[in-house]
Amino acid sequence: MLDIKLIRENPEMVRGRLASRSGNVEKLLDDLLEADERRRKNLVEAEQLKYQRNVASEEIGRRKKQGVPTDDLIEKMKEMKEAAEKIKSLDGALREIEDTIRTAILLIPNIPHKSVPIGKSEQDNVEVKKWGKPHPMAFEPKPHWDIGEALGILNFECAAKITGARFCLYKGAGARLERALINFMLDLHTKKHSYEEVLPPFMVNSASMIGTGQLPKFEEDLFKCNNTDYYLIPTAEVPVTNIHRDEILDGRNLPLYYTAYTPCFRAEAGSYGKDTRGLIRQHQFNKVELVKFVKPENSYDELEKLLENAEEVLKLLNIPYRVIVLCTGDQGFSSAKTYDIEVWLPGLGCYKEISSCSNFEDYQARRANIRFRETPEAKPSFVHTLNGSGLAVGRTLVAILENYQQADGSVAVPEVLQNYMDGMKVIR
RNA sequence: GGCGGGAUGGCAGAGCGGUUUAAUGCGGCGGUCUUGAAAACCGUUGAUGGGGUAACCUAUCCAUAGGUUCGAAUCCUAUUCCCGCCGCCA
């Protein structure tokens, strides 16, 4: 959520900076500014009445204690009864205005950072680095679904029976490889990169979803549990960022780094016919997430470090990738700046997103009310939050199958994973 | 699921219709003492919104949302969460 004062004081600047994003927020901003003006007018009026009431009530109390109430006191109580009615109606109107403001401001996206390229769609994203060389293959590389089905480690048909489309049953070495990847990533981030491991709930309430920005705008992307206020998480970002919702952190403890493995659940509304085969786009997938709470002045350095931590996974697995910075039009709703890591998939013949690393600045912190004090006596201010996939596990498994496939249909196990697979060197 | 108890400031904990601007303790901050520190003593101590150039003024906040009243932390209703006991259960 943006700072209402920033919008009030620099409406044209905000309008300009948001214009390059997807979605039109002109009307929302107009409604917001208009309601904000009404709110302050209404507030002043209600406050004056409350002040009068407080003064009168105190006097009534004092004099009642002294003795029998006189006529003028009874008169005063009558007057205050009327004032109370007026206050009630003003407060009611105020509540409505504040609802209007809240509805509008929750639908306004974050302002892109100055370093973000202006653009309309993914065509305008900018590549910032490329790492690794495709493994030499003296044969036509196959897509991962062919490899996985042939080895008997992935079964999409069976998952379709159990549940439906966009699910997968992992078997044997496939299931083991997925678990190996989760452990490998968690070990790397906890031991080498000093993140604290957490295992959060996989369902969250609507307040948490609002805090990180999934609600109210993107409800159709989520799975909601019937007759409850609970949603399946679309990413660990939601429960982990909300660990500190409504808290004031001690600045001396910042930055805080968390890593979490969770499954992720996405409705994928509007992506019918997209990536229909294989593991790329599933309703359920595993992910190891990195989340940071940092001081504002460090957040862009922290974003670079977060990106490096995620890249490290692919480097150790020796799989080629590139990093792109998303343009203003392609960026997520809550993000100020986002890097995507895209992994090379020889079977599909393209680069595919495997991680998304974002700095949200104070946008989520405002929504979730996450603050810190620089020193114990300082005024609280908002932290900056960041997160990134470190990595999407299902897509990493895809990358291993496609990059490590061999002419005979077997798949070599990357060296760093062999210890996690009881020494297994090849899946055949 | 049933019955009972509870939710108060960073923490602990009193208050149960009117000087409560929420007692007291711990913690934090400042000071005295000390070569320095500790202890002791003294003082101080929250959040959010609004108004004002400012000092400052003001409203709101005792789980959440409503209600009663001139006046609510305190009374009423609903909800959420926590803690017991019973039932069920991985």
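Given the structure is predicted, the values throughout are model-derived calculations rather than measurements.
When all heavy atoms of A:Gly152 and A:Lys171 are compared, the pair lying nearest together is O-CB, 3.7 Å.
Close to B:G46, at under 4.0 Å from its OP1 or OP2, lies no side-chain N or O of A:Arg371. Regarding contacts with the backbone of B:A47, a side-chain N or O of A:Lys379 is found under 4.0 angstrom from either OP1 or OP2.
One P atom belongs to B:A14, the other to B:C75, and the distance between them is 15 Å to the nearest Å. B:G1 and B:G67 have their P atoms separated by 29 Å, with the value rounded to a whole Å. Comparing the C1' positions of B:U20 and B:A72 gives a spacing of 12 Å, expressed to the nearest Å. Comparing the same atom, C1', in B:G46 and in B:C41 gives a spacing of 26 Å after rounding to whole Å. Taking atom C1' in both B:G25 and B:G17, one finds a spacing of 27 Å when rounded to whole Å. The separation of B:A54 from B:C61, taken at their P atoms, amounts to 26 Å, rounded to a whole angstrom. A gap of 23 Å separates the P atoms of B:A78 and B:G71, to the nearest Å.
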Worksheet entry | Contact pattern, 5' to 3', of nucleotides 51-69 of chain B - B, S or - by protein heavy atom under 4.0 Å | S------SSS-----S-SS
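Nearest nucleotide to the side chain of A:Arg373, out of B:C70, B:G46, B:G50: B:G46. Side-chain atoms of A:Ala84 lie closest to B:C70 of the nucleotides B:G50, B:C70, B:U48.
Not a single side-chain hydrogen bond (donor to acceptor under 3.5 Å, both in side chains) links A:Asp146 to another residue, sequence neighbours left out.
Residues A:Met80 and A:Glu98 both approach RNA chain B. Their nearest nucleotides, taken by heavy-atom distance, put A:Glu98 toward the 5′ side.
Among the atoms of the strands shown, only primed sugar atoms or phosphate atoms (P, OP1, OP2) are found under 4.0 Å from some heavy atom of A:Leu43. Contacts of A:Tyr230 with the nucleic acid, taken as non-hydrogen atoms under 4.0 Å apart, involve only primed sugar atoms and P, OP1 or OP2. Counting any heavy atom pair closer than 4.0 Å across all strands shown, A:Lys41 reaches no nucleic acid atom. Nucleic acid contact for A:Ala56: none, since no nucleic acid atom lies under 4.0 Å from a heavy atom of the residue.
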Discussion item. Evaluate A:Asp3 against A:Arg366 for salt bridge (Lys or Arg N to Asp or Glu O under 4.0 Å), listing each step before the verdict.
Written reply: CA-CA 8 Å; A:Asp3 184 359; A:Arg366 269 179 208 287; 3.8 Å; yes
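In this pair, A:Phe293 and A:Tyr258 present their aromatic rings perpendicular. The plane angle is above 60°, beyond the 30 to 60° band.
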Worksheet, complete the sentence: Read 5' to 3' with Watson-Crick or G-U pairs under 3.5 Å, [ ] for crossing pairs and | for partners on another strand, RNA chain B gives ((((((((.[[[..)..(.....]]]((((((.......))))))((((((....)))))).[[[[[..)....]]]]])))))))....
